[in-house]
Structure formats: C-alpha cells, structure tokens
2 protein chains.
Amino acid sequence: MPRASDAPRASERVHAALRDEILGGALAPGAAVPSERALAKRFGVHRQSVREALKRLEQAGLVRISHGGATRVLDWRDSGGLEILADLADAGGREPPAELARSIIEMRASIGIDAARLCVERAGEAELAEVNRLAGEAAAHVGGPVETLEERYAAMWRTVVIGSGNLAYRLAFNSLLRALPSRPEMADAVRPSEAEAIRAFGAAVRARDGGAAASCARELLAPG
Amino acid sequence: MPRASDAPRASERVHAALRDEILGGALAPGAAVPSERALAKRFGVHRQSVREALKRLEQAGLVRISHGGATRVLDWRDSGGLEILADLADAGGREPPAELARSIIEMRASIGIDAARLCVERAGEAELAEVNRLAGEAAAHVGGPVETLEERYAAMWRTVVIGSGNLAYRLAFNSLLRALPSRPEMADAVRPSEAEAIRAFGAAVRARDGGAAASCARELLAPG
DNA sequence: AAGGGATAACTGGTCCGACCAGTGTGTGCT
DNA sequence: AGCACACACTGGTCGGACCAGTTATCCCTT
C-alpha cells in the first residue's frame, strides 16, 4: 500500500498562502500582489506554479490580473462569489469573520424554507416519496453517530433542493455544504436534534402540504 | 492610442471551449477530459496554457484533476458553486437551461426579502438613510435610461445586503448580479417598473419597519 | 489456465530558460 | 515645461525536459 505523498503540491502551497493573506487582510484590497517572478523566488517554486495559483485566485474573484500591469487584490466582499464561504471557513489558522457562521445558518434557512415550498409545488410523486423516505432514515439516526445522521440529513435536503427545480438553490446548497466540514462548531449548529421534527417535515412534503412543509422546514432550520 | 489586442489569450480560449463543452453536455459527467498534451495539440497552444485553463475549471468545480489518473468531468449541478450561474448565462451560443432565469429571480427574491428584514434589524442609522437615499435616486430614474436605473437600483440593494450583516447574502448577491449582463431578458425581468414601490421600500427601511420593508421588498422582487 | 507481481506506457506536476506582448516610467531632447 | 522615445518593468506563451503517481499489460509462477 504505497502511501500518497503528504507533500502539498507547489501550486497548491502558493494558492493557499496567497488566499490566506488576502482573506486575512494582510494583502489589502487595491494592493499589488508581488510579481510572479518575485513570488516564485519567495516560495522557491517555478513561475508556472505561481501562475496556476494566481489563475485560481482570479477565478474566485480575489485578484484581478492584467497583462503588463500589476496583479491587484480585489475586495472579496464585492467581487467574490458564494463559493468563497468554504475558503473563509477553511483558511489556515486564521479566525474566520465573526458573522460567518450566523450568515451561513441564516442563508440555509432562507433557501431551505423556500426550496421546501417549491418542492411541494413542482416535484413529482416519486421525488416527494423519496424525500419522505430520507426524512425517515435521518430521523432514525438522531442520537446515533453524527456522521451517519449528517449524511442522511444532507441527502434529504439535497433531494428537496433538487425537487424545487431551482438551479440557483441547488448551486448555493453546494456552496453552503462545502463550508461546513472545516468548522465543526457550524456542523454542530445545523445538525437536527429532534427526530419528530424531521418526520413531520417528510410527511408534510409527502402530502404536498406547502404551508406545513414550510413551517416544518422553519422549525428545522430556524428554531426560535 | 494603441488598441488592445482583440486576440483572446490562449488559456482563455481553452477555458471557454472546455467550459462550454461541459456545461453544454458535450463532455458528460464522469467522462475523461483528453490529456493535457492532447488538448495542447488540439488547440495549438502550449501545455501550460491548458493547465491554467484546467485549474480554473477545477476551481469552479467542473472537473476533478488527479495526479497520474485522468481528469474527469464532474456533474456541475452537484459540485459547482453559485458562481457557475454566470457561466451558464454566458456560455457561448448555447441555450442556457430553461429554468435558469426563473431560478435566479426566485433566489433574488428569497435573499432580498430576508436581507431587507435583517437590514432593518441590524444596520445603523446612517446605512438606513443611505438606503432610503438610493431608493429615491433609483425611483427618480424609472422610465429613464435603463443603464442608469439599473445602476442605482443595484446600488440600493447592495447597501441593503451589506446592511443585513450577512456575508453569505452579500457573496450570493455578487454571484447573482454577475449572471445578469449576458442575458438581457433577465435584466429586463428584474428591472423595477414602479417608482412608488421603490420609494415605499426606502421609507419602510428608513423607518425601521421590518414588516413593511419585507412586504415592500416582496412587492419589488416577487410581484404576483 | 489462473493468479500475481514486475514493468512499460500512460496520466498529471514541476522545472528550466527563453522570448513575446503589453504598461509604466524615467530621461533626454526640443 | 512639455513631449517623445527607449528601457525596465509587468504578465503571456513557448519548447523541451524530467519527476511522480496510476493504470494496464504481459510474463512468470503456481
């Protein structure tokens, strides 16, 4: 069993370092990123690896590269897409923005409740039955190993979001889900604690009761 | 005045071509992307340019690159983040998914209404006044040049979203906004038509009337 | 003939060094 | 002082080489 090399790839190291400097504020918006040649020397890698890292940062909306001119740092709050949430949660040893967890939980609730409503409206019988089945599965694992519970619970919501027929909700769901793993305290906060609430939600969806589904969803996602 | 070269960069050409093939379904999920060397030959560019394009696709969640193995196409519906919306709207001459416009409008409403509610709750007096001022500006341009109206209207919502103190809403707002330009019919659909509704919204926010702000926001974002 | 391990032929990852292509700037001429 | 040009940056691309991990094949062993 040959172990995979633990050494992070060169371009990955550069990407992570620059990403953290930008998200952490060490590289402020408007500032010029050092030249590719300078970065290559600093990190002890070839310029091509630096370029790959910068291309990824540009794709994520963290920097703007311009031929001939300097590469400048953008304000990720203005130019970043939702996928940056995962980077914010992940980034190095740095503390993520204080409002990050609350933001994710609020958005999850807003989208989840509306997706439930739309799912009831638009999804086919088979999909509604599947949601109900997955709700039962998730409910059965409340109190059990958190890993299994989280997996089933996520699968249920995934089916709801798909059933809503809303592409944007589906993509946002991906972005939100990806931000959870690196912050255990956030995963804790979104984990359901009452099996009955999950079952009630599944039943409401199954019965195509939009009002009940929405209110059960609110119960699950935004208690209190 | 030396004109900027109109020739798209090599890595940009490759990126756009592969992105369109993936989003258009020509490269199905699970399929293997041709090797970097093969792509370099096909597009008549250096392998490094291909790599930069692939790195961007990986960053966006469209492919998974693995050392030694083939680069495989992912299902962007499952692995893509919200920023893909812009690519879906943009992509080449291809027709975007039928539900795209509806999805964006629905998500915009869901987030906008909740952001209005939170903004009233959390924003400072200065920010609320600014929202109201921008609402007035936008309202004054209803019926005028669409470009100016869109700019002011977007500025107003931007302030609301910032005032909501929700990072996820702010990033999602960026992603949604970026998808509009390439689809004029979508920009049309989200443009406000009644100055009075905008003014009412601004006044409700200014007065910290959460209920009124939410209902005015609903009026603006999800009429009917 | 079937199983298993060495190996060859892929894949992506990195490096070197060079040159092209835009920008910006300083300098010297007018 | 004002302007134009050369030079010194920046990023963009190229060619070729080699390293590293995977995968499939083929031959040897059982």
Side-chain angles (χ1 to χ4, degrees), chain A residues 1-19 21-22 27-74 79, chain B residues 1-19 21-22 27-74 79:
Chain A
M1 187 176 80
R3 283 279 300 100
S5 170
D6 288 351
R9 307 258 163 252
S11 86
E12 174 59 31
R13 269 182 12 235
V14 178
H15 174 264
L18 291 177
R19 180 200 63 177
E21 285 186 28
I22 294 172
L27 277 174
V33 176
S35 76
E36 297 176 351
R37 291 169 176 86
L39 289 172
K41 183 172 292 185
R42 182 209 290 183
F43 290 101
V45 302
H46 190 261
R47 198 180 141 207
Q48 170 172 344
S49 301
V50 171
R51 282 185 61 78
E52 289 176 6
L54 288 173
K55 281 286 180 183
R56 288 180 58 190
L57 294 174
E58 184 182 38
Q59 175 73 22
L62 266 51
V63 303
R64 189 172 52 83
I65 303 175
S66 50
H67 189 177
T71 295
R72 310 208 87 91
V73 178
L74 299 177
S79 58
Chain B
M1 186 178 81
R3 284 278 299 101
S5 170
D6 287 353
R9 308 253 164 256
S11 85
E12 175 57 32
R13 268 180 17 233
V14 177
H15 174 263
L18 291 177
R19 180 200 63 177
E21 284 186 30
I22 294 172
L27 276 175
V33 176
S35 76
E36 296 176 352
R37 290 168 178 86
L39 289 172
K41 183 172 291 185
R42 184 210 287 183
F43 289 101
V45 301
H46 188 72
R47 198 181 143 206
Q48 169 172 346
S49 302
V50 172
R51 283 185 60 78
E52 289 176 7
L54 288 173
K55 281 285 181 185
R56 289 181 56 190
L57 294 173
E58 184 182 38
Q59 176 74 19
L62 266 52
V63 304
R64 189 173 52 84
I65 304 175
S66 51
H67 190 178
T71 295
R72 310 209 87 91
V73 178
L74 299 176
S79 57

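No experiment lies behind these values; they were computed from the predicted model shown. Chain letters run A, B, ... following the sequence lines, proteins first, then strands; residues in each count from 1. Worth knowing before you read on, the calculation uses all heavy atoms, side chains too, and leaves out hydrogens, waters and symmetry mates.
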Evaluate whether atom CZ of B/Arg13 has more than 12 neighbouring non-hydrogen atoms of other residues, nucleotides or ligands under 6.0 angstrom away.
-> yes
note: A/Arg72, atom CZ; C/dG24, atom C1'; distance rounded to Å ~ 12 Å
B/Arg56 and B/Arg19, any side-chain heavy atoms less than 4.5 Å apart = no
Non-hydrogen side-chain atoms of A/Val63 and A/Arg72 separated by less than 4.5 Å | no
Below 3.5 Å between N/O atoms, which protein atoms pair up with nucleotides 11-15 of chain C? Just atom names and distances, please.
| unit_1 | atom_1 | unit_2 | atom_2 | d |
| --- | --- | --- | --- | --- |
| C/dG12 | OP2 | B/Glu36 | N | 3.0 |
| C/dG12 | N7 | B/Arg37 | NH1 | 3.0 |
| C/dG12 | O6 | B/Arg37 | NH2 | 3.1 |
| C/dG12 | N2 | B/His67 | NE2 | 3.1 |
| C/dG12 | N3 | B/His67 | NE2 | 3.3 |
| C/dG13 | OP2 | B/Arg51 | NH1 | 2.8 |
| C/dG13 | OP2 | B/Arg51 | NH2 | 3.3 |
| C/dG13 | N7 | B/Arg47 | NH2 | 2.6 |
| C/dG13 | O6 | B/Arg47 | NH1 | 3.0 |
| C/dT14 | OP1 | A/Ala10 | N | 2.4 |
| C/dC15 | OP2 | A/His46 | N | 2.7 |
| C/dC15 | OP2 | A/Ser49 | OG | 3.2 |
| C/dC15 | N4 | A/Gln48 | OE1 | 3.1 |

Can you check whether B/Arg42 reaches B/Leu39 side chain to side chain, under 4.5 Å on heavy atoms?
-> yes
Output yes when B/Glu52 and A/Arg51 qualify as a salt bridge under the 4.0 Å nitrogen-oxygen rule, no when they do not.
-> yes
